[in-house]
Amino acid sequence: MTDNTEPCPSCGRPTPVGTRCVYCATVTDLDLKSLQLDYMKAAEGEESELPKQVIVVVQKTGQKVPLKNRKVKIGRDPSNQVVIPDDTFTSRHHAWISYEESDFWLEDLGSTNGTLLNGHPVVKRQVLSAGDKIRVGHTELTFEIEN
């Protein structure tokens, strides 16, 4: 029996021959363009309000980061709303949380080390619930909804 996989050219993960890596293919150029436009609107004062107060708690430090936009990036880069500066296993733009159709969603942005939701890899976007544990690199975050 032959192995019908090859390393992904972007991240090196084993990928079935002739297909795109499920980790790297989760974010399309259109999604990234949409995220950039959302940030530009927020910078112009057209911030889209969330219906509930939502925070992400960085477990190591106890830091509480309120989520203010409908799309929030998580990663090492200072341009992210949730910045994880000291974790080299976290990608510059690792994941995002979005609010769509009355639900909060978590999606990996093709990060090198992947994103975990309650200990399970995020291969496609997943619905978030209060108390969910998100792991990016070696950093654990807790997703909280305050009433």
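Below, each value reflects all heavy atoms present in this structure, side chains not excepted, and no hydrogens, waters or symmetry copies. Everything numeric in this text was worked out from a predicted model, so none of it was measured.
- The minimum heavy-atom distance linking Val122 with Leu116 is given by the pair CG2-C, 4.1 Å.
- Summarising the geometry, atom CD belonging to Gln126 is positioned 13.0 Å from atom CD1 belonging to Ile97; distances are rounded to the nearest 0.5 Å.
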Handout entry: Stepwise side-chain contact (heavy atoms from CB on, under 4.5 Å) check, Val17 with Thr5
Key = CA-CA 5 Å; Val17 175; Thr5 64; 5.6 Å; no

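- Shown here is Glu101, whose CD atom has no more than 12 heavy atoms of other residues, nucleotides or ligands within 6.0 Å.
- The hydrophobic cluster containing Ile145 also contains Leu106, counting ILVMFWY residues as joined when their side-chain heavy atoms lie under 4.5 angstrom apart, directly or transitively.
- No donor-acceptor pair closer than 3.5 Å links the side chain of Glu107 to the backbone N or O of Trp105.
- Looking only at atom types and distance, the side chain of Thr142 has a donor-acceptor partner in the side chain of Lys133 under 3.5 Å away.
- Residues Ala95 and Val136 come closest through the heavy atom pair CB-CG1, 4.5 Å.
- A side-chain donor-acceptor contact under 3.5 Å links Ser91 to the backbone of Thr112.
- Residues Pro66 and Ile55 approach most closely at CA-CG2, 3.7 Å, considering heavy atoms.
- Judged purely by distance below 3.5 Å, without hydrogens or angles, the side chains of Asp77 and Ser79 pair a donor atom with an acceptor atom.
- Shortest non-hydrogen contact noted between His94 and Gly137 is CE1-N, 3.7 Å.
- In the displayed structure, Asn118 atom CG is contacted under 6.0 Å by more than 12 heavy atoms of other residues, nucleotides or ligands.
- By the 4.5 Å heavy-atom criterion applied to side chains, Val72 and Val65 are not counted as neighbours.
- Residue Leu67 forms a side-chain contact (heavy atoms from CB on, under 4.5 Å) with just one option from Phe104, Phe143, Tyr99, and that option is Phe143.
- In terms of heavy-atom proximity, Ile84 sits nearest to Arg76 at O-CG, 3.0 Å.
- For residues 64-91, the pairs satisfying ring pair (Phe, Tyr, Trp, His ring centres under 6.0 Å) are Phe89-His138, with sequence neighbours left out.
- Under the 4.5 Å side-chain criterion, counting only non-hydrogen atoms from C-beta, Glu100 is in contact with Lys71.
- Note that CG of Leu117 and CG of Leu141 are 11.0 Å apart. Values are rounded to the nearest 0.5 Å.
- Judged by distance alone, with hydrogens and angles left aside, the side-chain atoms of Thr61 form a donor-acceptor pair with the main-chain N or O of Gln63 at under 3.5 Å.
- For the pair Asn80 and Arg92, the tightest heavy-atom approach, listed with the atom from each and the gap, is ND2-O, 2.7 Å.
- The salt bridge (Lys or Arg N to Asp or Glu O under 4.0 Å) check on Glu140 picks up Arg135, with sequence neighbours excluded.
- The side-chain tip of Lys73 does not point at the ring of Trp96 from less than 6.0 angstrom away and within 45° of straight on.
- If you take CD1 on Ile74 and CG on Leu109, they are separated by 8.5 Å, rounding to the nearest 0.5 Å.
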